[in-house]
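Okay, so here's the structure we're looking at.
The analysis underlying the following values was restricted to heavy atoms, covering all of them including side chains, and did not include hydrogens, waters or symmetry mates. Since the model is a prediction, treat every value here as computed from it, not as a measurement.
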Amino acid sequence: MSRRVVRQSKFRHIFGQPVKADQMYEDIRVSKVTWDSSFCAVNPKFIAIIVESSGGGAFIVLPLAKTGRVDKNHPTVSGHTAPVLDIDWCPHNDNVIASASDDTTVMVWQIPDYTPVRSITEPIVTLEGHSKRVGIVKWHPSARNILLSAGGDNAIIIWNVGTGEALINLDELHSDLIYSICWNYNGSLITTTCKDKKVRVIDPRKQEIVAERLAPHEGMRPMRAIFTRDGNIFTTGFTRMSQRELGLWDPSNFDEPIALQEMDTSNGVLLPFYDSDSNVVYLCGKGDSSIRYFEITAEAPFVHYLSTYSSKEPQRGMGFMPKRGLDVSKCEIARFFKLHERKCEPIVMTVPRKSDLFQDDLYPDTPGPEPALEAEEWFSGQDADPILVSLRDGYTPLKNRELKVNKKNILDNKPPTGPRRSYSSCDAGFSRVSLEDLVEEIKSLRATVESQEKRISDLENLLLELSNGTA
């Protein structure tokens with residue numbers, strides 16, 4: 001009998017562990033909307049979760065350190081008039097988040113570093129262009145202010161958030177509902193899955209399909225597709241017998257899969273979360289109580305099963321921390337934020353090591369917060385990989401940087417509203433001066449209110465610290 005040789009891999013012993021009860025986020029009414037998005041987005045500063053909301057759509061944003069029970073009156077981000085379906089943090093500004101909603105709009109928000117006293121209801125910019133619900137938002141990995149959205153109108157729109165303009169409208173490439181979209185590593189291509197059972201690779205600037213494959217998974221249920229770092233496509237879907245299946249494909253030769261593996265029988269869609277630094281993909285099924293992880297390599301069978309993290313409670317959604325938000329001193333290589341019905345539970349994935357030194361092999365340089373391109377450069381045809389940072393000394397999030405939106409003057413192309421009046425020249429001069437004075441007064445009052453809100457918030461936090469200290 002030949003002895004089976006175990007494949008060498010530094011990720012073979014990834015160990016998943018939930019945090020202690022006092023480090024969870026309790027009393028959060030997670031959204032019950034029927035849509036297959038992750039409902040949660042995290043970055044090194046904040047966690048955002050889509051929540052149940054009366055009279056519109058909302059999500060809650062908490063500083064990562066604000067664990068424990070969340071007050072039922074905690075401020076939300078609530079500008080949408082229908083349920084929020086997807087949220088995504090900007091990779092180049094940890095205080096900016098985009099939200100997509102059933103109300104057909106995409107909104108981009110600036111989140112302050114302090115906890116606001118009232119709910120945030122005014123987005124920096126509202127992006128209107130879809131005719132039906134918007135279910136997907138995705139920021140470009142390396143270009144500043146480029147945001148992609150996809151809606152129930154089977155259209156993909158790519159926006160320049162800095163001007164509030166739609167740069168590209170891909171409304172003729174899909175014949176049915178779009179299930180998922182993913183940028184490639186440098187943001188030159190996107191891959192999509194669709195209800196018409198096709199996986200497509202699209203060049204958004206040329207507005208053309210580069211490659212497509214019909215039915216990589218033969219089942220009727222939704223598929224997901226992501227790009228790997230080397231340009232292959234990893235898919236999840238269902239067989240004709242409703243077994244869950246994963247596949248790895250080369251888009252330049254879509255006829256035959258590089259790998260195709262059946263997994264289990266379950267009806268939950270598998271959401272893939274991919275770490276481009278380690279080439280490990282984590283699969284989280286909605287309604288599952290486990291996270292499976294696989295390593296993608298160049299040698300057969302190409303997609304290697306590593307292990308499974310199992311728990312008792314099913315997950316309603318999942319957030320995935322970018323690499324720069326992890327604790328390198330504990331050899332943490334992934335952190336998930338598992339949504340239950342009424343709470344969010346962080347799950348820490350570590351690779352056990354005996355040494356306390358920085359592990360170079362686990363932490364290659366990873367995409368940092370600086371964009372490699374401006375929006376105009378990307379739109380004109382330039383491509384660039386994300387700018388990398390070292391995690392050797394850990395990562396400190398940057399201070400709040402304001403997102404400036406330079407919209408074209410809407411008064412140039414909109415007629416004035418309200419009844420028409422004729423002014424004398426004297427009247428016109430007087431009203432103009434008064435209007436300018438009023439605008440200045442409003443600006444001054446707004447600044448005062450914001451400073452007072454910050455002061456109240458600081459005092460509340462201080463009171464909380466004092467009460468915790470005496471308890």
T239: side-chain contact (heavy atoms from CB on, under 4.5 Å) partners, not counting sequence neighbours: M241, Q243, E245, E262
Non-hydrogen atoms of C182 and A225 that approach each other most closely: CB-O, 3.7 Å
Side chains of T163 and E165, donor plus acceptor under 3.5 Å: yes
V161 side chain reached by V96 side chain, heavy atoms, under 4.5 Å: no
N186/S142 under side chain to side chain donor-acceptor pair (under 3.5 Å): CA gap, chis, key distance, verdict: CA-CA 6 Å; N186 70 357; S142 60; over 6 Å; no
Exceeds 12 heavy-atom contacts within 6.0 angstrom, atom CD of E299: yes
Test side-chain hydrogen bond (donor to acceptor under 3.5 Å, both in side chains) applied to Y185 - qualifying residues, sequence neighbours left out: R229
I157 vs L148 side-chain heavy atoms within contact, under 4.5 Å: no
Minimum heavy-atom distance R324-P369, with the two atoms named: NH1-CB, 4.3 Å
Side chain proximity check, I296 to V281, heavy atoms < 4.5 angstrom: yes
From OG (S311) to CD1 (I291), nearest 0.5 Å: 7.5 Å
Which residues share a salt bridge (Lys or Arg N to Asp or Glu O under 4.0 Å) with R244, sequence neighbours left out: D264, D288
From N154 atom CG to L170 atom CG, the distance as rounded to the nearest 0.5 Å: 12.5 Å
Check: C284 and Q315 side chains under 4.5 Å, non-hydrogen atoms: yes
M107 CE to T126 OG1 distance, which is reported to the nearest 0.5 Å: 4.0 Å
CA sep, side-chain torsions, deciding dist, call: V269, K286, side chain to side chain contact (heavy atoms under 4.5 Å, CB included): CA-CA 6 Å; V269 175; K286 270 204 160 181; 5.8 Å; no
Sequence neighbours excluded - ring-ring contact (aromatic ring centres under 6.0 Å, His included) pairs with any residue from residues 335-368: F273-F336, Y282-F336, F320-F336, F358-Y363
The single option from I226, N184, T228, V201 passing side-chain contact (heavy atoms from CB on, under 4.5 Å) against I233: V201
Partner residues of D458 under the side-chain hydrogen bond (donor to acceptor under 3.5 Å, both in side chains) criterion, sequence neighbours left out: K454
For the student: nearest non-hydrogen atoms of L391 and K323, plus distance: CD1-O, 3.8 Å
Step-by-step side chain to side chain contact (heavy atoms under 4.5 Å, CB included) determination, I111 to I97: CA-CA 8 Å; I111 307 297; I97 188 169; 4.0 Å; yes
T236 to L270 - nearest heavy-atom pair and separation: OG1-O, 3.0 Å
Within 6.0 Å of CZ in R342, more than 12 heavy atoms from elsewhere: yes
Listed once per pair and sorted, the side chain to side chain donor-acceptor pair (under 3.5 Å) pairs that draw on residues 20-30, sequence neighbours left out: D27-R69
For D113, all residues meeting side-chain hydrogen bond (donor to acceptor under 3.5 Å, both in side chains), sequence neighbours excluded: K45, N95
For R224, all residues meeting salt bridge (Lys or Arg N to Asp or Glu O under 4.0 Å), sequence neighbours excluded: none
Stepwise side chain to side chain donor-acceptor pair (under 3.5 Å) check, Y114 with N461: CA-CA 10 Å; Y114 60 91; N461 291 337; over 6 Å; no
Atom of L373, atom of Q382 and distance for their closest heavy-atom approach: CD1-O, 3.6 Å
ring-ring contact (aromatic ring centres under 6.0 Å, His included) contacts in which one or both residues fall within residues 71-103, not counting sequence neighbours: F46-W89
K343 atom NZ: more than 12 heavy-atom contacts under 6.0 Å: yes
Any P346 side-chain heavy atom under 4.5 Å of M24 side chain: yes
Candidates T105, T104, D153, D103 - the one meeting side chain to side chain donor-acceptor pair (under 3.5 Å) with H130: D153
With a 3.5 Å cut-off and sequence neighbours excluded, list the donor-acceptor pairs that the side chains of residues 52-65 form with protein atoms.
{"residue": "E52", "atom": "OE2", "partner": "K32", "partner atom": "N", "Å": "2.8"}

Partner residues of R118 under the salt bridge (Lys or Arg N to Asp or Glu O under 4.0 Å) criterion, sequence neighbours left out: E453
Flag side-chain contact, heavy atom, 4.5 Å: L246 against T235: no
Test item: R353 and L362 side chains (from C-beta on) under 4.5 Å apart, heavy atoms: yes
Charged N-O contact under 4.0 Å between K132 and D102: no
By salt bridge (Lys or Arg N to Asp or Glu O under 4.0 Å) - contacts of E332 (at least two apart): R335
Between CG on residue D230 and CG on residue N279, distance to nearest 0.5 Å: 6.5 Å
Working for side chain to side chain contact (heavy atoms under 4.5 Å, CB included), residues K138 and S149: CA-CA 7 Å; K138 285 274 188 296; S149 64; over 6 Å; no
Worked verdict on W183 versus H140 for side chain to side chain donor-acceptor pair (under 3.5 Å): CA-CA 7 Å; W183 293 97; H140 192 283; over 6 Å; no
Side chain to side chain contact (heavy atoms under 4.5 Å, CB included) between V351 and F11, intermediate numbers included: CA-CA 7 Å; V351 174; F11 302 113; 4.2 Å; yes
T193 side chain vs M223 backbone, donor-acceptor pair below 3.5 Å: yes
Verdict with reasoning, H304 to S9, per side chain to side chain donor-acceptor pair (under 3.5 Å): CA-CA 10 Å; H304 305 268; S9 169; over 6 Å; no
Non-hydrogen atoms of C40 and L339 that approach each other most closely: CB-CD1, 3.8 Å
Gap separating the CZ atom of R455 from the CG atom of L462, nearest 0.5 angstrom: 11.5 Å
Short side-chain to backbone donor-acceptor contact, E377 and E374, under 3.5 Å: yes
Between CD on residue Q359 and NZ on residue K330, distance to nearest 0.5 Å: 15.0 Å
Main-chain N/O of N267 paired with R221 side-chain donor or acceptor, under 3.5 Å: yes
